[in-house]
Amino acid sequence: MTEMRTLKVALLGCGNVGAQVARILIEDADALAARTGARLQLSGIAVRNVSAHRDVELPQELFTTDAETLVKDADLVIELMGGIEPARTLILSALRNGACVVTGNKALLAQDGPTLYEEADKAGVQLSYEAAVAGAIPILRPIRDSLSGDRITRVLGIVNGTTNFILDQMDTTGAQFADALAEAQRLGYAEADPTADVEGHDAAAKAAILASLSFHTRFALDDVHCEGITSVSASDIAAAKDAGFVIKLLAIAEKLTDADGKEGVSVRVHPTLLPREHPLAAVRGAFNAVFIEAENAGELMFYGQGAGGTPTASAVLGDLVSAARRLVLGGPGRTETTTGHVPALPIDAATTSYYIGLDVADQPGVLAKIAQLFAEHGVSIEIMRQTIHRGAGSTVESAELRIVTHRASEAALAATVEAVKGLDVINSVTSVLRVEGV
Ligand code: NAP
């Protein structure tokens with residue numbers, strides 16, 4: 001019987017995810033060898049501090065601060081350091097040396113993905129990054145492989161667990177944003193500096209990756225229109241709830257034709273109202289889900305844990321076994337295709353339904369005035385509901401108007417809202433939020 005080949009695996013980073021990857025590589029060595037056809041030998045672990053305490057007990061002799069030397073001698077490199085440098089230089093060096101690379105680094109891929117993909121193509125090796133979007137959920141491979149014979153038309157994703165937890169807290173307890181954020185930080189779902197999550201930057205990086213694979217075109221972070229959740233108020237959530245909606249931070253990539261007939265892809269991240277019966281509305285707490293619409297497959301949904309050391313390690317190991325099998329069997333790496341050549345459209349080209357909250361004077365003819373103004377701007381109203389707020393002695397203090405429109409362009413909606421603000425019967429525009437799934 002021929003001896004099984006051994007492949008050297010260099011691990012860069014031993015934090016939340018890296019430590020679990022190292023544990024599984026050691027504990028499950030026999031099962032992984034049986035599935036791969038080669039033994040995956042952990043040849044070293046590069047860290048900043050070799051004597052730091054680790055969550056997992058690992059052989060001390062594996063640790064090094066010399067990542068460059070470790071990478072030079074590896075068949076497979078797993079990058080789980082995070083950040084741009086030295087991760088970028090180390091990945092490029094690994095690819096040039098002919099090693100396959102697995103990474104979970106969405107920030108790096110969103111910033112400089114094309115350089116890395118091109119280097120992998122040139123070297124004929126695999127660069128895999130399933131863990132970079134939605135943690136444990138197998139989503140990139142289904143888009144890239146399973147749906148490669150179909151045409152994806154739209155992707156809607158809850159891809160940031162922190163913001164989903166905060167919005168879910170606000171929805172279930174009526175809390176304000178700041179209190180829900182503090183609770184998320186207390187439970188470890190949000191970092192001390194939550195900017196990347198709550199401003200939507202993390203979701204935008206993932207949106208760029210999802211759009212690139214779904215539409216066979218490389219989209220960069222600059223192509224993504226990004227709005228976070230910091231301005232979502234408890235009253236927005238309450239009004240949405242009252243009208244049968246839930247607010248989620250969605251990463252959206254969809255094929256559109258703009259007003260001039262130009263085809264393109266709109267890639268955007270923003271708080272969005274979803275009908276409570278939409279499958280994504282049921283995604284609670286810090287969970288993630290991605291909803292895909294494809295011409296032939298129809299609607300698909302992928303759901304699971306979007307973060308956490310052990311769940312994310314599952315996605316990393318899946319990529320590692322796949323890359324290692326290719327090294328055993330031979331042949332070039334399987335990369336994403338970039339034959340789509342569809343332009344990214346600006347946010348003005350996107351059309352969605354809108355929810356508009358208005359604080360209005362309670363006078364006869366107000367509803368007719370508002371409806372006429374919407375009609376003049378070509379924005380058609382689907383639902384208009386008025387709630388009267390009474391003070392002492394049943395005198396009317398104010399009236400609240402909630403409007404849901406049919407699909408309209410961003411430009412038409414913005415012009416309508418500006419015109420509405422100018423009406424003498426309007427006290428204030430209390431919220432303007434996009435709606436999907438109606
Ligand atoms: P982490 O806990 O902060 O761990 C980072 C590790 O990298 C640490 O072991 C650190 O060494 C090492 N490191 C950082 N800079 C280094 C440098 N300059 N030289 C050598 N070693 C360095 O990070 P993580 O949460 O495991 O995340 C790793 C990657 O996975 C990130 O790209 C992240 O975006 C991605 N990801 C994470 C999750 C998640 O749930 N955590 C989910 C999906 C994707 P020391 O320990 O010595 O400081």
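Atoms within a ligand are numbered from 1 in the order they appear, just like the ligands themselves. Both backbone and side-chain heavy atoms feed into the values below; hydrogens, waters and symmetry mates do not. Quantities reported herein were computed from a predicted structural model and do not represent experimental measurements.
- Residue A67 places every heavy atom at 4.0 Å or more from ligand 1.
- With respect to atom 11 (O) of ligand 1, the closest heavy atom belonging to the protein is R48 N, 3.3 Å.
- By the 6.0 Å contact criterion, CZ on R35 is open, its count of non-hydrogen atoms from other residues, nucleotides or ligands being 12 or less.
- Taking the six-membered ring where the residue is Trp, the centroids of Y129 and Y117 are separated by under 6.0 Å.
- Short contacts between ligand 1 and G308, defined as distances under 4.0 Å to a heavy atom of the residue, involve ligand atoms 39 (C), 40 (O).
- L140 places a side-chain heavy atom less than 4.5 Å from the side chain of L210.
- Within the 4.0 Å heavy-atom criterion, neither part of A87 lies near ligand 1.
- Ring geometry, Y303 versus F287: the interplanar angle falls under 30°, so the pair is classed parallel (tilted spans 30 to 60°).
- Checking only distances, C14 does come within under 3.5 Å of ligand 1, N or O to N or O.
- At a heavy-atom distance under 4.0 Å, only side-chain atoms of T312, from C-beta outward, approach ligand 1.
- Atom 3 (O) of ligand 1 has as its closest protein heavy atom M81 O, 4.9 Å.
- If you look at R54 next to ligand 1, the close heavy atoms, those under 4.0 Å, all belong to the side chain.
- Under the 4.0 Å distance rule, the nearest protein heavy atom to atom 46 (O) of ligand 1 falls inside the cut-off.
- The protein non-hydrogen atom at the shortest distance from atom 25 (O) of ligand 1 is N16 ND2, 3.1 Å.
- V102 places none of its side-chain heavy atoms less than 4.5 Å from the side chain of V77.
- For ligand 1, the polar-atom distance check against G13 finds no nitrogen or oxygen pair separated by under 3.5 Å.
- Here is the list of ligand 1 atoms found below 4.0 Å of a heavy atom in N49: 47 (O).
- Contact check for V417 versus Y354: no side-chain heavy atoms found under the 4.5 Å cut-off.
- Taking the six-membered ring for Trp and the full ring otherwise, the centers of Y355 and F245 sit at least 6.0 Å from each other.
- Two residues are said to be in side-chain contact when any heavy atoms from C-beta on lie closer than 4.5 Å; L320 and V9 meet this criterion.
- Under the 4.0 angstrom criterion for non-hydrogen atoms, E79 is not in contact with ligand 1.
- A heavy-atom distance below 4.5 Å is not found between the side chains of T430 and L358.
- Within a 6.0 Å sphere centred on CZ of F177, other residues, nucleotides and ligands contribute more than 12 heavy atoms.
- Assignment of A52 to the shell around ligand 1 is not supported, since no heavy atom sits closer than 4.0 Å.
- Atom 37 (C) of ligand 1 has its nearest heavy-atom neighbour, among V17, I45, N105, L12, in V17.
- The L80 neighbourhood of ligand 1 comprises atoms 5 (C), 6 (C), 7 (O), 28 (C), 30 (O), with distances under 4.0 Å to a heavy atom of that residue.
- For residues 54-69, no pair satisfies salt bridge (charged side-chain N to carboxylate O under 4.0 Å, His left out), with sequence neighbours left out.
- Those atoms of ligand 1 with a heavy atom of A131 less than 4.0 angstrom away are 43 (C), 44 (C).
- Within ligand 1, the atoms closer than 4.0 Å to a non-hydrogen atom of P86 are 18 (N), numbered from 1 in the order shown.
- Judged by distance alone, the side chain of S214 and the main-chain N or O of A211 form no donor-acceptor pair under 3.5 Å.
- Counting only heavy atoms of the protein, atom 32 (O) of ligand 1 lies nearest to G82 CA, 3.2 Å.
- The nearest protein atom to atom 35 (C) of ligand 1, hydrogens excluded, is given as G104 O, 3.2 Å; this is a heavy-atom distance.
- The OG1 atom of T89 sits 3.0 Å away from atom CD of E85, with the distance rounded to the nearest 0.5 Å.
- Both the backbone and the side chain of A307 come within 4.0 Å of ligand 1, counting heavy atoms alone.
- Remark: minimum distance from atom 1 (P) of ligand 1 to any protein heavy atom is reached at G15 CA, 4.0 Å.
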